[in-house]
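These notes concern the structure reproduced below.
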Amino acid sequence: MTSGHPEPPAAPRLAQRAGRLGRGIGSRAADVLYEILAAAACLAGLLGIGYLVWKTAAETGAVWREIGVWSFLTGQQWIPFDPAGEPAFGALPFIYGTVLTSAIALVLAVPLAVGAALATTVLLPRPLREPISQVVDLLAAVPSVVYGLWGITVMVPALTPMLEWIARQGDRLGIGFISGPVTSGSYLIGGIVLAIMILPIIAAVTREVFLTVPDEQKEAAYAVGATRWEMIRYSMLPWARSGIVGASALGLGRAVGETIALFLLLGNVPGVGGSIIGPGSTLASIIALEYNEAIDLHLAALTALALVLFVLAFVVNAIARMLVRRGPGGHGEAIRRALLDRGLAGLTRRRRAAANPAAPDSPAADPPPAPRDLPAAARARMALVRDHQADSATPVPRVSLVRRIGSRSWEAILLLALAAALVPLGMILFEILKEGLPAISPSFFTELPSPDPFVAGGGIENALIGTLILMGIATALAAPMGIMTALFINDVAPRLGRVGRAVGGAAGFLVDVLLGVPSIVVGVTVNLGLVVVMGRFSALAGGVALAIIMFPIVVRTTDEILRLVPTSLKEGAEAIGAGHWRLTWSVVLPAALPGITTGVLLALARASGETAPLLFTSLGNQFTSTALLEPIAALPQLIFERSIDVQTPESLELAWGAALVLVAIILLLNVTARLITRLAPRISQ
Amino acid sequence: MARALSRHFNVEITRCLLKGMMRGVLVATAIGGLSLTYAASALGVATGSGASFPNRAYQQWCQDSGLCSYTSKGSSGGIRDFIAGTTDFGASDAPLTSSQLAQLRANRNGANVVYIPTLIGAITVPTNIDGVNGRLRLRGKTIAQIFSDQIVNWNDPRIRRDNRGKRLPNETITKCVRADGSGTSFAFSKALSKFDRNFARTVGASQTPKWPTANLQKGPKNPGVAACVNANSNSIGYVDIADSRAAGLLGKSAAVGKNTRIKGKRKLQFTTPSTRSTSKAGNVRIRRGQSLNVDLTGAASPGAYPLSTTTWILAYNNYARAGKGGSRADVIKMLNYFLGNRAQRALAKQQFAPLPENLRAEARRQVRTKIR
C-alpha cells in the first residue's frame, strides 16, 4: 500500500448533494420513516431470535422437571433407550469431552500460534511478513467439514503409529490416561485436528496484539543492548500477555462449538475418565449425532445439551472479551477488531490512521500508524547510542556468546513454531488440490452425484446450486436486517433519548452474545422453531439458519465502519441542512459502503461453509431444486455425507472435488472482501 | 507529471474495480432475493429419510425413477421425521416402539403407520484381524457372546473350535457398533437375543442396544461401522451387505452358524451372506391384511442366512389426517415403483434380495388399500 494517496475534495461534492435538498415535509417524513424502519428491523431481528430461543428453552422443560438440573448436569450415564429399565440422561460425559478436546487443542495450538505470530511480526524478512500472515488468515476460512474429511482420510492413518507408540508407553508405565487399545477415533486425534483448526485465529489475533506494542518500548529494549529475543521476552511478551490469553480464550470459544470435524474424528463413545487415545464424545458431536432421531425426553435432553453448550460458549466468550478489555494500551481495540473478522481489521486500522484525529470515538489508546520495520529503526537508535557512548569513551559492552546463542536458539524455536503451524495448513491445501483437481470437469458442474460408490464421475450440480441459493437467501435476510440494526444501534438509538440508548445498548449486547453461539445450536433452534412448526425441511429453513450466523457479523462490522465515518463529514452535511435520512443515505452510507460490503462478504464466507445447521434444516436433496419450501442439497453436506459413507476412491473423489469448489467459493469471497478493503480508502468519501 | 498521471489512472482503475465488485455483490444479493420469491412448486417428488441399511437401493431407485429424494439418517432419524411430519415417508428396519407409536398418534392427529416392506438384505459380520485372511466361521451364539463381552479375546476357544486352520491372535476384540439409533442394530440385536439368553438379558434387542462399553467404538450409520472395522485392527462389526461390499469387507464377513434340520437330522450349518442365502430367509407365511412388519431374523431353514432382515417404508394410514394430504399420491407412485419388477430386479446388483412373491403381492395390495 503506497502512502500519501490524494484525498478527493469531499466538502464541495457534499455541498452539491445536500444543497439540492430543502427541509420540507417530505424530508422530515423520510427521517421519521427511516428511524421507524431501523427500529423495526432491529426489533424484528431480535424478536425473531427471541422466539427461537423461547421455542428451544420450552423444549427443555421436561428435562428440568423429570431429571432435575443438578442430576442432569452431573449424571454420568447416557442411555437414551433401555429395554430393561429406565433411560438415563446425564450431561457430564459430554461436558468432560468438550473440555478435554478443547484443552488438548489449546495446549497444542497456543504455543505454536504465539510463536508463529512473533515470527511474522519481528523475525521474518519484512516482505514475507504480510503475505504469510495473510495466508494463515485465509486458512481460518477453510470449513470444518473439510478439516474433518482431511482428518479421517489423511491424519488418522498418519497418526496411528504415533498413537500406538504412546499407548505402548502408557501400557508399560501403567498410566491409564494414555493406555491402549488405540482406536481410529479418539480424543487425542480430535484434539490435534481441532488445534490445527483454531491455530489461525489465535495466531491472527495474537499478531494483531503484537503489532500494538509501542515502538518506544521495543526501542528501549534495543537501546539498553537487548538482543532480538530479549526484546521479545522483556518488551513484547509482558505487554501482550493479557492479549494472548484473550486470543486463546477466543480460540477456546471456537473449539467449544466445533461440531462436524469432531463428530467425524472422536469415535462417539461417551464416558468420563478413560484414555485420551480412546474414543469420546462432546456436547456438539452428540447433538449432531442424535438430534436427528430423538423424540420425547431424549429430544428434550439433547436440546438441554444445546443449552449447556450455548452457556459454555457464552461464558468462554465473555471471559475472552473481559480479558481483552483489561489489556494495556490498544489491546482492547486491536482484539475487538480482530474478533469481528480479520479482513476488516486492516480496513479499520488504515482508516483510523487516516481518519479525522478529532473523531470523538477514536480513543487515545489508538496505536499510531507506525512504521513496522522496528528492528531497522531500533538499529538506527542503537547506532546513535553507540556513537554517543563512543563519544563518552565508554566502550559498548559486547553481547556475550551465551546470550547470543540463547537468543538465536529461541529465534530458531519461534521460526520452527511458524513452520509447524504452516505445515499442516499447507498439507490441507495440497490435499484439496491434489485430490480435488482430478474431479473437476465440465460435467462435474452439470451432473448429479452418483448413488453407486463404485461408479466414477457424477457431479455436484444439486449441491452447488443448493449452496448458492442458500447463500442468496441468507444474504437477502441477514444483510438488510443487519445493516438496519447497525444503523439503529449506531445512528438512530442515540437520538432517541434514554430509552433509545438503553434499547440500543441491549441490542448491541445481544448481538455480541449471538456472535458466540455455536452453529449447531443455531441448527437446533431453527429446527424446533421453523422446521417442526412448518412441518417440512426446506431451503428457507436452511437459509434462515445461515442468516442467523451472518446477522451478528454484519451488524458488528457495519457498526464498526459507521463509527469510522469522519465526524467532519457528518457535521458538514448537517451544517448545510441535510436531514437525518438524507445525511445517512447520501453521506454516511456511501462513505461506509466498502466496509459494509466487506462485512457482508466475510459473514457470507463464514456461513457458506457451515454444515451443522443444515443437517437439521435443509435436509438435502438428491436432485437440483430451486424451490424455497422443498429440501435442498448443499456442498458442505455433500462432503459430510461422503465423509461418513463407505470410502471408495470414486466416492471420495467427488467429495474432494466438492471440497475444492467450496473452498474456492469461500476464498473468493474472502479475497474480494480484502481487495475492497485495500482499494477502498483511496476513493471513498 | 507522468507520475501524477499514472497515479490518477491507478485511482481511476481501482475505482472502476471497486464499483464493479460492489455491483457484483449487489447483483448477487438481488439474485438471492429473487430466489426468495421463487414460488414453491410441488415437484411431485416424495421426500423421505431414515434407514441407512437400504440406502444404496433407495438412492438408486429414486435416481432412476425421479419419484423421490432419500436422505439416509439411520432408522430412528427416519422415525423421528415421520413422527414430526417433516418428511413424506419414513424408512426403517425396526418397527416403531410403543413410545414412538404414542408420539406418532399424538403429533399426527391420530394417524397410524403402515409398514411396506421393500427388500431383504443380509447383515454381514465383518472382521479385521491381524494375520487372518478370509472369513471366519462364527456361530450365532458366539457372535452374541462377543457383543456382550462374554468373549473378549480372539483366541478364545469358542472361536477357535470353528476356525481350526486360522491363526487367531491373543488380542482383545474391538467391537464396532452403530453410534446412531438404527434398525440394523435392532435386527442384529434381535437375532443375537434369539441365539443367546445372556445377550438378551444384558444387551437386549433395540434400536440402541446397551452394548458393554469396554473396547467399543461407534460409527455413524452402516458405512461408519464399516469404516470402523477397516480402521481398527482386531475388530468386528455388523454392516448391511451393500455397504459391506462397498467397503471391501464382504470377503471378510463371517459365515454365520446356526442349527438347522437337514434330512431330519439336527446339524450345525455355516452360511455365508449372499443374495441367494438372503432370499432363502424370506420364506414366511403371510396372512392377508396382516401387518407386514414381519421378523425374518434367525431364520433356521437350510441355506438361509440367519442374520437377514427386511426393511420398510413407513407411510401414514391417513395422509390427510396426518396433515400431509398433498404427498399421498407421490408416495403411492413411488411405492408402486419400488415394488415393481424393474426395481426389484435391480436389487441383486447391490447384493440385496428381492421380496418373495407372496410378501410382495400383499405389500402391493396394502399400498392400494391401507394408505388413505
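The sequence lines fix the lettering, A, B, ..., with proteins before strands; numbering per chain opens at 1.
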Need one label for A:F454: side chain, backbone, both or neither, based on atoms under 4.5 Å from any heavy atom in chain B.
side chain
Give the member of A:G271, A:A294, A:P157, A:S281 that has the highest number of heavy-atom pairs under 4.5 Å with chain B.
A:A294
CD1 on A:I295 to OG1 on B:T97, rounded to 0.5 Å
5.5 Å
So which residue, B:G78, B:G248, B:G181, ends up with the most heavy-atom pairs under 4.5 Å with chain A?
B:G181
Closest non-hydrogen atom pair, A:Q622 against B:C68
OE1-O, 4.0 Å
Residue selection (most heavy-atom pairs with chain B, distance under 4.5 Å) from A:I644, A:L615, A:T648, A:L468
A:I644
With a 4.5 angstrom heavy-atom cut-off, which part of A:L470 approaches chain B: side chain, backbone, both or neither?
neither
Does any non-hydrogen side-chain atom of A:I79 lie less than 4.5 Å from one of B:T208?
no
Rounded to the nearest 0.5 angstrom, the CG-OH distance for A:L619 and B:Y70 is 10.5 Å
Could you tell me the separation between the OG atom of B:S52 and the CG atom of A:D645, rounded to the nearest 0.5 Å?
9.5 Å
Looking only at heavy atoms, which two atoms of A:F623 and B:C62 are closest? And how far apart?
CZ-O, 3.3 Å
What heavy-atom pair brings A:G620 and B:S69 nearest, and what distance separates the two atoms?
O-OG, 4.3 Å
Of B:R178, B:K218, B:Q217, the residue whose pairing with A:N268 passes side-chain contact (heavy atoms from CB on, under 4.5 Å)
B:K218
Would A:D452 and B:K349 count as a side chain to side chain contact (heavy atoms under 4.5 Å, CB included) if you check the C-alpha gap in whole Å, the side-chain angles of each, and the deciding distance to 0.1 Å?
CA-CA 10 Å; A:D452 188 332; B:K349 210 177 104 197; 4.1 Å; yes
Pairing residues for B:S76 by the side-chain hydrogen bond (donor to acceptor under 3.5 Å, both in side chains) criterion, not counting sequence neighbours:
B:Q207
Tell me, side chain or backbone of A:F263 under 4.5 Å from chain B's heavy atoms, or both, or neither?
side chain
Using 0.5 Å steps for rounding, measure from the CD atom of B:Q100 to the CD atom of A:E293.
9.5 Å
Let me confirm one number: the CD1-CG distance from B:I83 to A:L299, rounded to the nearest 0.5 Å.
10.5 Å
What pairs meet the salt bridge (Lys or Arg N to Asp or Glu O under 4.0 Å) rule with one or both residues in residues 64-82 of chain B, with sequence neighbours excluded?
B:K73-B:D81
Max heavy-atom pairs within cutoff under 4.5 Å with chain A, candidates B:S244, B:A226, B:P220, goes to B:P220
Which residue in the set B:T47, B:T86, B:T71, B:T87 passes side-chain contact (heavy atoms from CB on, under 4.5 Å) when paired with A:P631?
B:T47
Given a strict heavy-atom distance threshold of 4.5 Å, which part of A:N462 is in contact with chain B: side chain, backbone, both, or neither?
neither
Might you confirm whether atom CD of A:E164 has over 12 heavy atoms from other residues, nucleotides or ligands at distances under 6.0 Å?
yes
